[in-house]
Chemist: 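Next up is a structure, given as structure tokens.
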2 protein chains.
Amino acid sequence: MNSKKPLILITNDDGYQAKGIASLVEAVKDLGDIVVFAPDSPRSGMSGAITTILPLRSYLYKEDENVRLYVCSGTPVDCVKLAINEFLDRKPDLLLSGINHGSNAGISVLYSGTVGAAIEGCVFGVPSVALSLCEHTANADFNHAASVARKLAVRVLENGLPKGMCLNANVPAGEIEGIKITAQTQGKWVNEYVRAKDGGGHDVFWMTGNFENWEQDNDNSDEWALANGYASVVPVKIDMTAYDLIPELKQWEL
Amino acid sequence: MNSKKPLILITNDDGYQAKGIASLVEAVKDLGDIVVFAPDSPRSGMSGAITTILPLRSYLYKEDENVRLYVCSGTPVDCVKLAINEFLDRKPDLLLSGINHGSNAGISVLYSGTVGAAIEGCVFGVPSVALSLCEHTANADFNHAASVARKLAVRVLENGLPKGMCLNANVPAGEIEGIKITAQTQGKWVNEYVRAKDGGGHDVFWMTGNFENWEQDNDNSDEWALANGYASVVPVKIDMTAYDLIPELKQWEL
């Protein structure tokens, strides 16, 4: 892989065996040299988590034509860090994370391992895109999502992305009306747990829930786009400072 | 705990047995009714991670005067979600997360479980503050950090925080010069892995590294404040949308 072709790093949070990542590789493999560096099993909901106490392991699982596949014991962010620090011979020109089985729109940007990996690519200065299909099933149809992924990959390779910013793309299930640039919908998950009993009769809590949308009518929001059949692209920035609040805080007596 | 006193929810990412969380409880316990809901062991670097596949367990570990301590098998964000959804009889008036053993300044806001918990409190509309001491050791001196924590707790109980915003406070080791309101320092971690061999002779990678500061001279940055002996408070917002980039992306042919 010492070609002049763009180097595209691909990861996900569903693990290397997921249909979504295979669809993504298929959709973009003619655009460059591909290195897949993905978790060895599902890591949904891992956000920006990193492995700090245990050691990480990774190995080359297979290599075909211009696609190398590494499997890693860590989180999505570990995959990005380890790939760029220790396994790649040059900095990637593009990072693609996904295609996730399930939506990462709205507030899920905070919990998503798929988005966590794209944010980490951004930390390294690599133009990075998180991609998710709003359909959870293992055998979901990724055709339309893969086509959106390819369009975004081509445009990001052409235009780059500004420092400190990446993209969070979500694609509804089924036919799509087009692609809309949107903003993170305000809202939160509600009814988040089901209480059950384990084998010993002790309470356990299983995560579940549904997203409560606080801006149903905002047609610039990502949830609106998805509900109306559009793929959504939210630009995400890694500087989380609430600059607007600084003047007020400076008035506090501290 | 059906008193009229403020309800203060306390969590951390170092686990319920850490000195930092005990120091925090001690510093604020006269300000309200305290519920500690903390991980059963260290969860450093867990960011906004949630537990989606395994069930969560939690139990009341002890109760003294106005302090109830629950232990939970999940991440810091799980603790916040589970406490508010399933264990508290009213919405907290304040969430405090920490005091972390080690800095969460700069880009660490993306990886920190301490900050992840404060962000989750903010998702619930609870005024939330993450607190960290720039000293890793188990037996660190938390006196000054606890005093900063108390000051912030008092001010946040008085003034609240705007919707969608929380605070990330870091305190240097030793005496402090005062408290500065700052912004997230731009930079990244470098030299992130040490390669070693496991018992079978296979490569493993241990996380390590140091923070590379890209704005050494910016005296409005959190790393500058800490390097100069000040405690730092960064307002953090949970809407990660890069609004400035939207007009440019709308020009892309997608």
Side-chain angles (χ1 to χ4, degrees), chain A residues 42 44-53 55-58 77 81-82 85-86 107 109-111 116 119 123-124 151-152 155 159 162 164-165 179 181 183-184 186 188 192-193 195-196 198 202-207 233-243 245-246 249-250 252-254, chain B residues 42 44-53 55-58 77 81-82 85-86 107 109-111 116 119 123-124 151-152 155 159 162 164-165 179 181 183-184 186 188 192-193 195-196 198 202-207 233-243 245-246 249-250 252-254:
Chain A
S44 288
M46 276 292 103
S47 183
I50 49 176
T51 302
T52 57
I53 298 177
L56 294 173
R57 294 159 191 282
S58 185
V77 169
K81 285 184 179 291
L82 197 59
N85 276 299
E86 300 288 334
I107 197 79
V109 70
L110 298 176
Y111 311 119
I119 288 173
V123 169
F124 275 90
K151 273 189 189 162
L152 285 170
R155 289 294 170 255
N159 302 329
M165 299 181 192
I179 302 175
I181 309 301
Q184 178 185 327
Q186 293 191 46
K188 77 178 285 295
E192 296 186 284
Y193 294 98
R195 195 184 285 240
D198 69 8
H202 306 293
D203 280 343
V204 295
F205 300 88
W206 295 95
M207 177 154 270
V233 178
V234 177
V236 170
K237 63 177 178 176
I238 63 179
D239 180 354
M240 297 185 76
T241 309
Y243 288 97
L245 188 56
I246 290 179
L249 291 180
K250 285 190 172 173
W252 288 15
E253 200 177 301
L254 287 172
Chain B
S44 288
M46 276 292 103
S47 183
I50 50 176
T51 301
T52 57
I53 298 176
L56 295 172
R57 292 159 193 281
S58 185
V77 170
K81 285 183 180 292
L82 198 59
N85 276 299
E86 302 287 336
I107 198 78
V109 70
L110 299 176
Y111 311 120
I119 288 173
V123 169
F124 274 90
K151 273 189 189 163
L152 286 170
R155 290 293 170 253
N159 302 327
M165 299 180 191
I179 301 175
I181 309 301
Q184 177 185 328
Q186 292 191 46
K188 77 179 284 294
E192 296 186 284
Y193 294 99
R195 196 184 285 239
D198 70 8
H202 306 293
D203 280 344
V204 295
F205 300 88
W206 295 95
M207 178 154 268
V233 178
V234 177
V236 170
K237 64 177 177 176
I238 63 178
D239 180 355
M240 297 184 76
T241 309
Y243 288 96
L245 188 56
I246 290 180
L249 291 179
K250 285 190 172 174
W252 287 16
E253 201 178 299
L254 287 172

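Here is the naming used below: chain letters follow the sequence lines, and residue numbers restart at 1 for every chain. Quick caveat: nothing in here was measured; it's all calculated off a predicted structure. Computed from heavy atoms alone, side chains included, the values below leave out hydrogens, waters and symmetry copies.
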Chemist: If you look at every heavy atom in A:Q184 and B:T241, which pair is closest and at what distance?
Modeler: N-OG1, 3.0 Å
Chemist: Tell me, out of A:V109, A:I238, A:V233, who's got the most heavy-atom pairs with chain B below 4.5 Å.
Modeler: A:I238
Chemist: Pick whichever of A:V77, A:N159, A:D203 has the most heavy-atom pairs under 4.5 Å with chain B.
Modeler: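 Ranked by contacts with chain B, first place is A:N159.
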Chemist: Do A:I181 and B:L254 make a side-chain contact, defined as non-hydrogen atoms from C-beta onward lying under 4.5 Å apart?
Modeler: yes
Chemist: A side-chain contact here means heavy atoms from C-beta on lying under 4.5 Å apart; do A:W252 and B:I179 qualify?
Modeler: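 With C-beta onward as the side chain, the pair stays apart.
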Chemist: Can any side-chain N or O of A:Q186 pair as donor or acceptor with the backbone N or O of B:D239 at less than 3.5 Å?
Modeler: no
Chemist: Under a 4.5 Å heavy-atom cutoff, which of A:A242, A:A49, A:G45 has the most pairs with chain B?
Modeler: A:A242
Chemist: Which distance, rounded to the nearest 0.5 Å, do you find between the CE of B:M207 and the NZ of A:K81?
Modeler: 5.0 Å
Chemist: What residue, out of A:H202, A:K188, A:K151, has the most heavy-atom pairs lying under 4.5 Å from chain B?
Modeler: A:K188
Chemist: When only pairs under 4.5 Å are counted, which of A:E253, A:M165, A:R195 shares the most heavy-atom pairs with chain B?
Modeler: A:E253
Chemist: Is any side-chain heavy atom of B:S47 less than 4.5 Å from a side-chain heavy atom of A:I50?
Modeler: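 Of all side-chain heavy-atom pairs linking A:I50 with B:S47, none is under 4.5 Å.
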Chemist: Closest approach of B:G48 and A:Y111, non-hydrogen atoms and distance?
Modeler: O-CD2, 3.5 Å
Chemist: Heavy-atom cut-off 4.5 Å, strictly under: side chain, backbone, both or neither for A:I119 against chain B?
Modeler: side chain
Chemist: Which one of B:L82, B:I246, B:L152 has the most heavy-atom pairs closer than 4.5 Å to chain A?
Modeler: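 Heavy-atom pair counts peak at B:L82.
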Chemist: Which one of B:T51, B:V123, B:I53 has the most heavy-atom pairs closer than 4.5 Å to chain A?
Modeler: B:V123
Chemist: Using the test ring pair (Phe, Tyr, Trp, His ring centres under 6.0 Å), find all partners of A:F205 that sit at least two apart in sequence or belong to another chain.
Modeler: B:F87
Chemist: Which residue out of A:E86, A:K250, A:M46 racks up the most heavy-atom pairs below 4.5 Å with chain B?
Modeler: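 So the answer, after comparing A:E86, A:K250, A:M46, is A:E86.
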Chemist: Under a 4.5 Å heavy-atom cut-off, does chain B meet the side chain of A:F124, its backbone, both or neither?
Modeler: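 For A:F124, backbone and side chain are both near chain B.
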Chemist: Below 4.5 Å from any heavy atom of chain B, which atoms of A:V234 appear? Answer side chain, backbone, both or neither.
Modeler: side chain
Chemist: For B:L110 and A:M240, what are the C-alpha separation, side-chain angles and deciding distance, and is it a side-chain contact (heavy atoms from CB on, under 4.5 Å)?
Modeler: CA-CA 9 Å; B:L110 299 176; A:M240 297 185 76; 4.0 Å; yes
Chemist: Report the residues that fulfil salt bridge (Lys or Arg N to Asp or Glu O under 4.0 Å) with A:R57, sequence neighbours left out, ordered by chain and then residue number.
Modeler: B:D198
Chemist: Can you tell me which portion of B:I107 sits under 4.5 Å from chain A's heavy atoms? Options are side chain, backbone, both or neither.
Modeler: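 The side chain, not the backbone.
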